[in-house]
Amino acid sequence: MVSNTFDSLHIVMVSSEAVPYAKTGGLADVVGALSTTLTKLGHQVTLLLPGYRTWLARKDRREAMQFSVPVGGKTTDVTIEEEYVTVPGALHQVRALFVCYDSYFDRPGLYQQDHHDYPDNLDRFALFCRAVIQVLHVFVDVQRKTIDILHLHDWQTALCAVYLKALAHEHNSLQPIRTLLTVHNLGYQGIFPGQEFMKTDLPSSLFSPSSLEFYGAVNCLKGGIIFSDAVSTVSPTYAREILTTEYGCGLEGVLANRIGGVSGVTNGIDEVAWDPAHDAYLSAPYRADDLSGKYVCKRALQQELGLPILDVPLLAVIGRLTFQKGFDLLIEILPELMALDLQLVILGTGDSHLEQQFIAAKEKHPRGIGLYLGFDEGLAHRIEAGSDMLIMPSRYEPCGLTQLYGLRYGTVPIVRRTGGLADTVVPFRPSTVKSRCATGFHFIEPSPDALLSAILLALHVYEEQEVWRSLVTSGMNADLSWTQSAEAYVELYRRLQGRR
Ligand code: ADP
Ligand code: GLC
């Protein structure tokens, strides 16, 4: 078999979410933008996703394949649907394939409903992964296509590596394919009760501590880490952190044992979708050399969230309301913050206890807090544009995209120095201010006091218009594009190919 063109790669990208099809967080942004950037770089990308309700609602669905998937002790008929996505300026299109099995994927949520995980998530994603392997067989055995790399993302896709490598004898023709697993968040491992192991249809010998067993339970991510050819994560700092007990979520030993280590490739952003100069969600466009539109966006945001239109610092929070994001630290300092001349806007959904606390705070401070509990893509853009500061007090943050959007939109990030936040925000210091490279504020301890001190410092600097302006423009001019990161992935892919 000859590779499609001289040195272009065929990458099969497998994910449980990708923009524009399904999104609950940054994973979707990353997989969508990485796929198009790799295509622009001349590579061929096939994207594989579950056929969720959002896909099923489309009118232009087309069937590509149909087959039975042997998993969970039975065979299940699935349909693979497809769409080709044109990437401006690229030779190839992205081919998106959707694994459709309605009783698993035609549901209101991707992983959960009403804050509760679907009880059959192992059945759902084992079927998805097993169907991916079947697609690979069709490509290689029937269509005689070359596949260079299988790029997996997070626990939902990790079993692909296990099926491929642990059952190599069943998948002989697929053995030249190299697998890369990117861990976007070690806090989510796909852990299920041990008695569910049989749902994977893997030999019982793999339910052992050297494979998928994790303290008596099934751990999908662990399997992926062990059976992939390489493992990466989404920032160099997080790649180092996860080798420690503090950040390793119990898998630090498994990660440290990986020959070749764990690579850290920092995420970029889709600079077309997130561009304040051409963002259809905004009331006014703006750019670094003319911020007048940003003030229009600020007033529009205050109005949209029912806040008085005042010329006071506007602080923002966007994100999943989980322990990871550290928003509880913010709740603790709300009395101090609300005593100051500022406003706070919050967009998020998640932990119901945190939601209740934000509702109570909003009731207490209706003129100081703007709150929207839910998922709203347009509002996320308008908050990035209309705010002055973005708060990310994360306990851990593999990369974080919200602060990158903040930088691009001239909304200065105040972040805890961890993971990708440490790697992407240049902290305010005399030296960084002098060299005009500071883009935000760091704090170290995950404590309310440390967060408050960082916010107070930022508020103080905000008053010094020229310095603030320099922070804003340095952030807006920073290179956050995907090009460099996509090239780093290509380098990783090529290194893997060399190991064939
Ligand atoms: P994570 O992937 O851990 O959730 P990231 O910062 O990498 O964190 O990415 C979060 C992504 O999800 C960003 O695109 C952000 O705008 C978006 N997002 C998070 N919460 C919401 C929400 N409630 N409504 C709209 N977009 C949201
Ligand atoms: C995860 C992480 C986040 C990262 C995103 C995309 O959900 O929590 O930090 O930016 O994946 O890689």
Side-chain angles (χ1 to χ4, degrees), residues 13 15-20 22-34 110-111 151-157 181-189 221 232-239 241-242 247 249 263-271 273-274 279 281 305 316-327 345-351 354-355 358 370-385 387 390-409 411 413 415-416 418-425 480 482 485 489:
M13 194 74 78
S15 179
S16 58
E17 38 186 288
V19 162
K23 168 167 171 176
T24 66
L27 170 66
D29 295 15
V30 168
V31 173
L34 176 60
L110 269 51
Y111 319 118
H151 191 162
L152 310 171
H153 298 267
D154 281 349
W155 76 262
Q156 294 87 343
T157 66
L181 171 69
T182 298
V183 177
H184 292 260
N185 193 330
L186 208 56
Y188 300 85
Q189 300 180 6
L221 190 69
S232 74
T233 186
V234 287
S235 70
T237 297
Y238 192 60
E241 286 174 341
I242 55 179
Y247 290 94
C249 302
S263 316
V265 180
T266 308
N267 292 331
I269 65 169
D270 179 336
E271 292 183 309
W274 294 89
D279 187 332
Y281 288 119
L305 290 179
V317 165
I318 302 172
R320 293 177 294 111
L321 304 181
T322 61
F323 183 75
Q324 171 193 350
K325 300 290 174 182
F327 295 139
V345 296
I346 299 146
L347 166 64
T349 173
D351 186 293
L354 281 172
E355 289 193 353
F358 279 127
L371 176 66
Y372 182 84
L373 293 175
F375 195 92
D376 186 329
E377 183 76 21
L379 184 54
H381 285 243
R382 290 190 290 280
I383 292 179
E384 295 280 8
S387 312
L390 190 92
I391 308 172
M392 285 187 78
S394 307
R395 289 201 167 74
Y396 72 92
E397 195 61 71
C399 179
L401 296 176
T402 315
Q403 85 282 6
L404 299 182
Y405 301 141
L407 293 172
R408 181 99 158 116
Y409 281 68
T411 298
V415 302
R416 179 158 174 260
T418 183
L421 300 176
D423 293 340
T424 58
V425 177
L480 307 171
W482 256 106
S485 312
Y489 277 114

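In what follows, every heavy atom counts, from backbone to side chain, and hydrogens, waters and symmetry copies are set aside. Counting starts at 1 for both ligands and their atoms, following the listed order. Remember, it's a predicted structure, so these values are computed and weren't measured experimentally.
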| field | Within reach of ligand 2, part of Asp29 (heavy-atom separation under 4.0 Å) | value |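 Looking at Asp29 and ligand 2, no heavy atom falls under 4.0 Å.
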| request: Ignoring hydrogens and angles, tell me if any N or O in the side chain of Arg395 forms a donor-acceptor pair with the backbone of Gln324 under 3.5 Å. | output: no
| field | Any donor-acceptor N/O pair, Ser232 side chain to Ser263 backbone, under 3.5 Å | value |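 Between the backbone of Ser263 and the side chain of Ser232 there is no qualifying donor-acceptor contact (under 3.5 Å).
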| task | Give the C-alpha distance, both sets of side-chain angles, the deciding distance and a yes or no for side-chain contact (heavy atoms from CB on, under 4.5 Å) between Ile391 and Val415. | result | CA-CA 6 Å; Ile391 308 172; Val415 302; over 6 Å; no
| Quick one: which ligand 1 atoms are inside 4.0 Å of a heavy atom on Leu347? |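 Counting atoms of ligand 1 from 1, those under 4.0 Å from Leu347 are 22 (C), 23 (N), 24 (N), 25 (C).
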| remark: For Gly400, the ligand 1 atoms with a heavy-atom partner under 4.0 Å come out as 6 (O), 7 (O)
Under a 4.5 Å cut-off applied to non-hydrogen side-chain atoms, are [X] and [Y] in contact?
| X | Y | answer |
| --- | --- | --- |
| His153 | Ser16 | no |
| Val317 | Leu347 | no |
| Ser485 | Asn267 | no |
| Thr349 | Leu321 | no |
| Arg416 | Glu397 | no |

Using heavy atoms and a 4.0 Å limit, tell me yes or no: is [X] in contact with ligand 1?
| X | result |
| --- | --- |
| Gly374 | yes |
| Tyr405 | yes |
| Lys23 | yes |
| Lys325 | yes |

Can you find an N or O of [X] that's nearer than 3.5 Å to an N or O of ligand 1?
| X | result |
| --- | --- |
| Asp29 | yes |
| Gln403 | no |
| Phe375 | no |
| Thr24 | no |
| Glu377 | no |

Which residue and atom name correspond to the protein heavy atom nearest [atom], and how close is it?
| atom | answer |
| --- | --- |
| atom 12 (O) of ligand 2 | His184 ND1, 2.7 Å |
| atom 15 (C) of ligand 1 | Thr402 OG1, 4.2 Å |
| atom 24 (N) of ligand 1 | Asp376 N, 3.0 Å |
| atom 5 (P) of ligand 1 | Leu401 N, 3.5 Å |
| atom 4 (O) of ligand 1 | Arg320 NE, 2.7 Å |
| atom 9 (O) of ligand 2 | Glu397 OE2, 2.5 Å |

| Electrostatic pair Glu377:Lys23 at N-O distance under 4.0 angstrom |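 Counted as a salt bridge, because a side-chain N and a carboxylate O are separated by less than 4.0 Å.
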| query | Do Tyr489 and His151 have their ring centres less than 6.0 Å from each other? | reply |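 Yes: the rings meet the under 6.0 Å criterion.
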With atoms numbered from 1 as shown, which atoms in ligand 2 lie under 4.0 angstrom from a non-hydrogen atom of [X]?
| X | result |
| --- | --- |
| Arg320 | 8 (O) |
| Gly400 | 3 (C), 4 (C), 9 (O), 10 (O) |
| Val234 | 12 (O) |
| Val30 | 6 (C), 12 (O) |

| query | Between the candidates Gly319, Ser394, Gly25, which shows the shortest non-hydrogen contact distance to atom 19 (C) of ligand 1? | reply |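 Minimum heavy-atom distance to atom 19 (C) of ligand 1 goes to Gly319.
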| message | Minimum distance, heavy atoms only, to atom 9 (O) of ligand 1: which one of Gly378, Gly348, Gly26, Ala380 is it? | response | Gly26
[X] side chain to [Y] side chain, donor-acceptor N/O pair below 3.5 angstrom:
| X | Y | result |
| --- | --- | --- |
| Tyr111 | Glu17 | yes |
| Asp154 | His184 | no |
| Thr322 | Asp351 | no |
| Asp423 | Tyr238 | no |
| Asp29 | Tyr405 | yes |

| message | Checking the N or O distance criterion of under 3.5 Å, is ligand 2 in contact with Asn185? | response |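 Indeed, backbone or side chain, Asn185 has an N or O that close.
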